[in-house]
Amino acid sequence: MEKEIRESYRITEKDFLQMSILRSRYLTPKENKIILRIVGIIATVGGAAAFINIRGNIYQTICWFLLIGVGLYVFSYYDVTDPFLTYKQAQAFYRYNSESFNSKTVIFTPTLFSINDDSHKLSVPPEYIHSAVEGKNTLIIFIDNEQYYFIPKRVLSEDKLSVIREIIGEEKYKKEV
Amino acid sequence: MIGNSLVMSFESKLKIREYAEGYRLFDLRRGKSSGRVWKSSVFFAIGIAMMIIIMLNSWDITRVPVACVILLVCIYMCSYYLYMLPKRAKLRGEHIFKSSKLLSKNCKYYIYRDHFIMKSENETLKRYYTELTDCIETDDIFLLIGGFENRVTVISKRYITQSQRQLLSEHFQRETIRQYRRIKPKRKNKQ
(Lines give C-alpha, C1' and ligand atoms only; values in the text may rest on other atoms or scores of the structure.)
Protein backbone atom coordinates (compact mmCIF):
# COMPACT_ATOMS: atom_id res chain seq x y z
CA MET A 1 0.00 0.00 0.00
CA GLU A 2 1.48 3.32 -1.04
CA LYS A 3 2.01 5.76 1.80
CA GLU A 4 0.70 9.17 0.86
CA ILE A 5 -0.06 12.08 3.10
CA ARG A 6 -1.97 15.05 1.79
CA GLU A 7 -3.02 17.86 4.10
CA SER A 8 -4.27 21.39 3.64
CA TYR A 9 -3.98 23.93 6.41
CA ARG A 10 -3.78 27.60 7.20
CA ILE A 11 -1.10 28.99 9.48
CA THR A 12 -2.45 30.76 12.53
CA GLU A 13 -0.56 33.25 14.64
CA LYS A 14 -0.09 30.65 17.36
CA ASP A 15 1.39 28.18 14.84
CA PHE A 16 3.86 30.78 13.61
CA LEU A 17 4.93 31.80 17.11
CA GLN A 18 5.50 28.21 18.22
CA MET A 19 7.44 27.47 15.04
CA SER A 20 9.63 30.56 15.45
CA ILE A 21 10.66 29.62 18.97
CA LEU A 22 11.40 26.02 17.95
CA ARG A 23 13.39 27.15 14.91
CA SER A 24 15.40 29.63 16.95
CA ARG A 25 16.19 26.97 19.55
CA TYR A 26 17.13 24.41 16.89
CA LEU A 27 19.36 26.77 14.89
CA THR A 28 21.25 28.15 17.89
CA PRO A 29 24.64 26.40 17.99
CA LYS A 30 25.25 24.43 21.19
CA GLU A 31 28.66 26.12 21.53
CA ASN A 32 26.96 29.52 21.87
CA LYS A 33 24.83 28.24 24.72
CA ILE A 34 27.79 26.64 26.47
CA ILE A 35 29.94 29.77 26.11
CA LEU A 36 27.25 32.04 27.49
CA ARG A 37 26.63 29.69 30.41
CA ILE A 38 30.34 29.63 31.26
CA VAL A 39 30.65 33.42 30.97
CA GLY A 40 27.50 33.82 33.09
CA ILE A 41 28.84 31.52 35.80
CA ILE A 42 32.20 33.28 35.87
CA ALA A 43 30.58 36.71 36.10
CA THR A 44 28.10 35.65 38.78
CA VAL A 45 30.61 33.79 40.92
CA GLY A 46 33.26 36.48 40.41
CA GLY A 47 30.83 39.24 41.38
CA ALA A 48 29.65 37.31 44.45
CA ALA A 49 33.21 36.50 45.54
CA ALA A 50 34.29 40.12 45.08
CA PHE A 51 31.28 41.36 47.06
CA ILE A 52 32.06 39.01 49.95
CA ASN A 53 35.82 39.47 50.06
CA ILE A 54 36.50 43.02 48.93
CA ARG A 55 35.48 45.80 51.28
CA GLY A 56 35.09 48.93 49.21
CA ASN A 57 32.88 51.96 48.85
CA ILE A 58 29.25 51.96 47.81
CA TYR A 59 30.16 52.31 44.11
CA GLN A 60 32.26 49.17 44.14
CA THR A 61 29.43 47.31 45.88
CA ILE A 62 27.04 48.45 43.17
CA CYS A 63 29.54 47.26 40.54
CA TRP A 64 29.69 43.79 42.10
CA PHE A 65 25.91 43.56 42.19
CA LEU A 66 25.77 44.69 38.57
CA LEU A 67 28.31 42.02 37.69
CA ILE A 68 26.18 39.39 39.42
CA GLY A 69 23.10 40.65 37.56
CA VAL A 70 24.88 40.64 34.22
CA GLY A 71 26.16 37.14 34.95
CA LEU A 72 22.67 35.85 35.67
CA TYR A 73 21.31 37.56 32.54
CA VAL A 74 24.02 36.09 30.34
CA PHE A 75 23.62 32.62 31.90
CA SER A 76 19.88 32.56 31.24
CA TYR A 77 19.95 34.40 27.88
CA TYR A 78 18.95 31.45 25.70
CA ASP A 79 16.35 30.26 28.21
CA VAL A 80 14.57 33.54 28.84
CA THR A 81 15.62 36.52 26.71
CA ASP A 82 16.10 34.83 23.33
CA PRO A 83 12.70 33.06 23.33
CA PHE A 84 11.02 36.27 24.47
CA LEU A 85 12.66 38.36 21.72
CA THR A 86 11.90 35.69 19.13
CA TYR A 87 8.28 35.59 20.27
CA LYS A 88 7.90 39.36 20.01
CA GLN A 89 9.58 39.57 16.60
CA ALA A 90 7.48 36.71 15.25
CA GLN A 91 4.31 38.26 16.64
CA ALA A 92 5.09 41.60 15.00
CA PHE A 93 6.01 39.88 11.72
CA TYR A 94 2.80 37.84 11.61
CA ARG A 95 0.55 40.78 12.38
CA TYR A 96 2.26 42.96 9.80
CA ASN A 97 2.24 40.26 7.08
CA SER A 98 -0.84 38.24 7.99
CA GLU A 99 -2.20 38.40 4.44
CA SER A 100 0.86 36.58 3.08
CA PHE A 101 0.14 33.50 5.23
CA ASN A 102 -1.98 31.68 2.65
CA SER A 103 -3.49 28.24 2.86
CA LYS A 104 -0.96 25.56 2.05
CA THR A 105 -1.20 22.02 0.78
CA VAL A 106 1.53 19.58 1.70
CA ILE A 107 2.05 16.19 0.09
CA PHE A 108 4.36 13.46 1.32
CA THR A 109 5.01 10.26 -0.62
CA PRO A 110 8.07 8.00 -0.64
CA THR A 111 9.20 9.78 -3.82
CA LEU A 112 7.88 13.30 -3.36
CA PHE A 113 7.72 16.15 -0.91
CA SER A 114 5.52 18.95 -2.18
CA ILE A 115 4.22 22.11 -0.59
CA ASN A 116 2.05 24.61 -2.44
CA ASP A 117 0.23 27.82 -1.86
CA ASP A 118 -0.99 30.66 -4.11
CA SER A 119 2.44 32.13 -4.74
CA HIS A 120 4.85 29.27 -4.23
CA LYS A 121 5.13 25.68 -5.38
CA LEU A 122 7.85 23.29 -4.35
CA SER A 123 8.15 19.67 -5.45
CA VAL A 124 11.29 17.78 -4.56
CA PRO A 125 12.27 14.18 -3.92
CA PRO A 126 12.68 13.47 -0.18
CA GLU A 127 16.47 13.20 -0.71
CA TYR A 128 16.50 16.99 -1.21
CA ILE A 129 15.35 17.51 2.37
CA HIS A 130 18.32 18.69 4.41
CA SER A 131 16.88 17.99 7.85
CA ALA A 132 13.69 18.03 9.88
CA VAL A 133 12.93 18.85 13.48
CA GLU A 134 9.79 17.96 15.38
CA GLY A 135 8.79 20.00 18.40
CA LYS A 136 5.83 19.83 20.72
CA ASN A 137 3.48 21.59 18.29
CA THR A 138 5.35 21.97 15.00
CA LEU A 139 7.24 20.03 12.39
CA ILE A 140 9.87 22.05 10.50
CA ILE A 141 11.41 20.75 7.30
CA PHE A 142 14.65 22.34 6.07
CA ILE A 143 15.48 22.21 2.36
CA ASP A 144 18.85 23.76 3.14
CA ASN A 145 20.38 25.64 6.08
CA GLU A 146 18.07 28.60 5.44
CA GLN A 147 14.96 27.61 3.47
CA TYR A 148 12.36 25.85 5.56
CA TYR A 149 8.70 24.93 5.66
CA PHE A 150 6.67 24.05 8.66
CA ILE A 151 3.55 22.07 9.37
CA PRO A 152 1.57 22.51 12.58
CA LYS A 153 1.22 19.14 14.27
CA ARG A 154 -2.48 19.77 14.90
CA VAL A 155 -3.11 18.74 11.25
CA LEU A 156 -1.06 15.56 11.53
CA SER A 157 -2.00 12.43 13.42
CA GLU A 158 0.65 10.28 15.12
CA ASP A 159 0.40 7.71 12.27
CA LYS A 160 1.03 10.40 9.66
CA LEU A 161 3.97 11.71 11.64
CA SER A 162 5.56 8.29 11.74
CA VAL A 163 5.08 7.95 7.97
CA ILE A 164 6.75 11.33 7.46
CA ARG A 165 9.57 10.29 9.76
CA GLU A 166 10.06 7.15 7.69
CA ILE A 167 10.07 9.05 4.39
CA ILE A 168 12.55 11.69 5.55
CA GLY A 169 14.81 9.18 7.25
CA GLU A 170 15.97 8.79 10.84
CA GLU A 171 19.40 10.32 10.20
CA LYS A 172 17.90 13.63 9.08
CA TYR A 173 15.03 13.70 11.58
CA LYS A 174 15.37 15.17 15.04
CA LYS A 175 12.82 15.25 17.82
CA GLU A 176 13.21 18.18 20.20
CA VAL A 177 12.36 17.53 23.82
CA MET B 1 -4.75 42.63 -19.05
CA ILE B 2 -3.24 45.79 -17.62
CA GLY B 3 -0.32 45.00 -15.31
CA ASN B 4 0.36 41.56 -16.76
CA SER B 5 2.54 42.40 -19.75
CA LEU B 6 5.82 40.53 -19.81
CA VAL B 7 8.77 42.89 -19.65
CA MET B 8 11.45 40.30 -20.25
CA SER B 9 12.45 36.73 -19.56
CA PHE B 10 15.83 35.09 -19.18
CA GLU B 11 17.57 32.10 -17.73
CA SER B 12 20.08 32.26 -14.95
CA LYS B 13 22.24 30.03 -12.81
CA LEU B 14 23.98 30.95 -9.60
CA LYS B 15 27.56 30.45 -8.56
CA ILE B 16 28.50 30.05 -4.94
CA ARG B 17 30.33 33.38 -4.69
CA GLU B 18 27.34 35.23 -6.15
CA TYR B 19 24.94 33.75 -3.63
CA ALA B 20 27.43 34.37 -0.82
CA GLU B 21 27.74 38.03 -1.82
CA GLY B 22 23.95 38.33 -2.01
CA TYR B 23 23.56 36.76 1.39
CA ARG B 24 26.19 39.09 2.86
CA LEU B 25 24.26 42.09 1.53
CA PHE B 26 21.00 40.64 2.89
CA ASP B 27 22.61 40.22 6.28
CA LEU B 28 23.84 43.84 6.20
CA ARG B 29 20.35 45.07 5.38
CA ARG B 30 18.05 42.77 7.33
CA GLY B 31 20.11 40.27 9.29
CA LYS B 32 22.44 40.28 12.28
CA SER B 33 24.85 42.70 10.61
CA SER B 34 22.17 45.37 10.19
CA GLY B 35 22.82 48.37 12.41
CA ARG B 36 26.39 47.24 13.00
CA VAL B 37 27.73 50.78 12.76
CA TRP B 38 25.61 52.23 15.54
CA LYS B 39 26.00 49.08 17.67
CA SER B 40 29.78 49.23 17.39
CA SER B 41 29.60 52.99 18.08
CA VAL B 42 27.90 52.30 21.40
CA PHE B 43 30.64 49.87 22.43
CA PHE B 44 33.27 52.31 21.15
CA ALA B 45 31.83 55.07 23.32
CA ILE B 46 31.73 52.79 26.37
CA GLY B 47 35.31 51.74 25.63
CA ILE B 48 36.43 55.36 25.49
CA ALA B 49 34.71 56.00 28.82
CA MET B 50 36.53 53.04 30.38
CA MET B 51 39.84 54.29 28.99
CA ILE B 52 39.21 57.68 30.60
CA ILE B 53 38.49 55.97 33.94
CA ILE B 54 41.73 53.97 33.66
CA MET B 55 43.60 57.15 32.67
CA LEU B 56 42.20 59.00 35.68
CA ASN B 57 43.59 56.17 37.83
CA SER B 58 47.09 56.80 36.45
CA TRP B 59 46.85 53.79 34.13
CA ASP B 60 47.00 51.48 37.16
CA ILE B 61 44.82 48.60 36.00
CA THR B 62 44.91 46.90 39.40
CA ARG B 63 42.85 49.78 40.78
CA VAL B 64 40.13 49.53 38.14
CA PRO B 65 39.97 45.86 37.07
CA VAL B 66 36.29 46.03 36.11
CA ALA B 67 36.94 48.96 33.77
CA CYS B 68 39.76 46.98 32.12
CA VAL B 69 37.50 43.98 31.60
CA ILE B 70 34.76 46.18 30.15
CA LEU B 71 37.31 47.87 27.86
CA LEU B 72 38.48 44.49 26.54
CA VAL B 73 34.87 43.44 25.98
CA CYS B 74 34.17 46.69 24.09
CA ILE B 75 37.23 46.21 21.87
CA TYR B 76 36.07 42.68 21.09
CA MET B 77 32.50 43.76 20.35
CA CYS B 78 33.65 46.57 18.04
CA SER B 79 35.79 44.17 16.02
CA TYR B 80 32.93 41.62 16.10
CA TYR B 81 30.42 44.00 14.55
CA LEU B 82 32.77 45.70 12.10
CA TYR B 83 34.86 42.79 10.84
CA MET B 84 33.77 39.38 12.07
CA LEU B 85 30.01 39.56 11.42
CA PRO B 86 30.23 40.52 7.72
CA LYS B 87 32.84 37.81 7.11
CA ARG B 88 30.69 35.25 8.91
CA ALA B 89 27.68 36.29 6.83
CA LYS B 90 29.55 35.57 3.61
CA LEU B 91 30.72 32.21 4.95
CA ARG B 92 27.19 31.42 6.02
CA GLY B 93 25.98 32.22 2.52
CA GLU B 94 28.52 29.76 1.09
CA HIS B 95 27.43 27.19 3.66
CA ILE B 96 23.77 27.61 2.70
CA PHE B 97 24.57 27.28 -1.02
CA LYS B 98 26.55 24.09 -0.42
CA SER B 99 23.75 22.61 1.72
CA SER B 100 21.09 23.28 -0.94
CA LYS B 101 20.31 21.16 -3.98
CA LEU B 102 17.99 23.86 -5.36
CA LEU B 103 20.11 27.00 -5.42
CA SER B 104 22.54 25.71 -8.05
CA LYS B 105 19.80 24.75 -10.51
CA ASN B 106 18.93 26.59 -13.70
CA CYS B 107 16.15 29.10 -13.16
CA LYS B 108 14.00 30.93 -15.62
CA TYR B 109 12.82 34.39 -14.64
CA TYR B 110 9.75 36.09 -16.05
CA ILE B 111 9.67 39.78 -15.24
CA TYR B 112 6.26 41.40 -15.36
CA ARG B 113 5.17 44.94 -14.71
CA ASP B 114 4.06 44.32 -11.13
CA HIS B 115 5.57 40.95 -10.24
CA PHE B 116 8.16 38.39 -11.22
CA ILE B 117 8.07 34.62 -11.46
CA MET B 118 11.03 32.33 -10.86
CA LYS B 119 10.76 28.82 -12.25
CA SER B 120 13.16 25.98 -11.84
CA GLU B 121 12.85 22.22 -12.15
CA ASN B 122 11.49 21.89 -8.61
CA GLU B 123 10.19 25.29 -7.62
CA THR B 124 7.94 28.08 -8.84
CA LEU B 125 7.90 31.36 -6.96
CA LYS B 126 5.72 34.37 -7.69
CA ARG B 127 6.51 37.59 -5.89
CA TYR B 128 4.91 41.01 -6.26
CA TYR B 129 7.22 43.99 -6.01
CA THR B 130 5.02 45.40 -3.25
CA GLU B 131 6.04 42.40 -1.13
CA LEU B 132 9.73 43.20 -1.44
CA THR B 133 11.54 44.92 1.41
CA ASP B 134 14.71 45.46 -0.63
CA CYS B 135 15.91 45.41 -4.23
CA ILE B 136 19.69 45.75 -4.37
CA GLU B 137 21.79 45.87 -7.53
CA THR B 138 25.53 45.33 -7.65
CA ASP B 139 27.92 44.80 -10.57
CA ASP B 140 27.25 41.05 -10.53
CA ILE B 141 23.80 40.40 -9.10
CA PHE B 142 20.31 41.60 -8.42
CA LEU B 143 19.23 40.83 -4.87
CA LEU B 144 15.53 40.73 -4.05
CA ILE B 145 14.50 40.41 -0.42
CA GLY B 146 10.93 39.95 0.68
CA GLY B 147 8.03 37.69 1.32
CA PHE B 148 7.83 34.98 3.92
CA GLU B 149 10.68 35.37 6.39
CA ASN B 150 12.47 37.82 4.07
CA ARG B 151 13.37 35.23 1.49
CA VAL B 152 16.53 35.99 -0.49
CA THR B 153 16.36 35.77 -4.29
CA VAL B 154 19.68 36.30 -6.05
CA ILE B 155 19.72 36.83 -9.82
CA SER B 156 23.09 36.48 -11.51
CA LYS B 157 23.92 38.99 -14.25
CA ARG B 158 26.27 36.61 -16.01
CA TYR B 159 23.63 35.26 -18.37
CA ILE B 160 21.96 38.58 -19.08
CA THR B 161 23.08 40.77 -21.97
CA GLN B 162 24.11 44.36 -21.34
CA SER B 163 20.90 45.76 -22.84
CA GLN B 164 18.82 43.35 -20.74
CA ARG B 165 20.68 44.41 -17.62
CA GLN B 166 19.97 48.04 -18.38
CA LEU B 167 16.29 47.30 -19.02
CA LEU B 168 15.98 45.21 -15.87
CA SER B 169 17.74 47.82 -13.76
CA GLU B 170 15.44 50.58 -15.01
CA HIS B 171 12.41 48.35 -14.48
CA PHE B 172 13.31 47.59 -10.87
CA GLN B 173 14.12 51.23 -10.19
CA ARG B 174 10.71 52.21 -11.52
CA GLU B 175 8.68 49.53 -9.78
CA THR B 176 10.51 49.29 -6.44
CA ILE B 177 11.28 52.97 -5.92
CA ARG B 178 11.87 53.08 -2.18
CA GLN B 179 13.39 49.62 -1.92
CA TYR B 180 15.88 50.00 -4.78
CA ARG B 181 19.59 50.50 -4.07
CA ARG B 182 22.62 50.42 -6.33
CA ILE B 183 25.74 49.25 -4.53
CA LYS B 184 29.25 49.05 -5.84
CA PRO B 185 30.96 46.38 -3.71
CA LYS B 186 34.57 46.85 -2.66
CA ARG B 187 36.87 44.55 -4.55
CA LYS B 188 40.35 43.77 -3.22
CA ASN B 189 41.42 41.63 -6.19
CA LYS B 190 40.02 42.43 -9.58
CA GLN B 191 39.87 39.37 -11.83
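In what follows, chains are A, B, ... by sequence order, proteins preceding strands, each numbered from 1.
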Inset, instruction - Could you tell me whether the side chain of B/Thr124 reaches within less than 4.5 Å of the side chain of A/Ser123, counting heavy atoms only? - result: no
Inset, instruction - Could you tell me which portion of A/Gln147 (side chain, backbone, both or neither) has an atom closer than 4.5 angstrom to a non-hydrogen atom of chain B? - result: side chain
Legend entry - Under 4.5 Å from a heavy atom of chain B, the part of A/Phe101 involved: side chain
Legend entry - B/Ile117 versus chain A, the contacting section by heavy-atom distance below 4.5 Å: neither
Inset, instruction - Side chain from CB out, backbone as N, CA, C, O: work out which of these in B/Phe97 comes under 4.5 Å of a heavy atom of chain A, or both, or neither. - result: neither
Inset, instruction - To the nearest 0.5 Å, tell me how far A/His120 NE2 sits from B/Glu123 CD. - result: 3.5 Å
Inset, instruction - To the nearest 0.5 angstrom, please state how far the CD1 atom of B/Ile96 sits from the NE2 atom of A/His130. - result: 10.0 Å
Legend entry - Region of B/Leu125 that comes under 4.5 Å of a non-hydrogen atom in chain A: both
Legend entry - Separation of B/Lys101 NZ from A/Asp144 CG (nearest 0.5 Å): 10.0 Å
Legend entry - Inter-residue atom distance B/Glu131.CD - A/Ser119.OG, 0.5 Å rounding: 6.0 Å
Legend entry - Part of A/Tyr94 lying under 4.5 Å from any heavy atom of chain B: neither
Inset, instruction - Taking the side chain as every heavy atom from C-beta outward, state whether B/Val66 and A/Leu66 have any pair of such atoms under 4.5 Å apart. - result: no
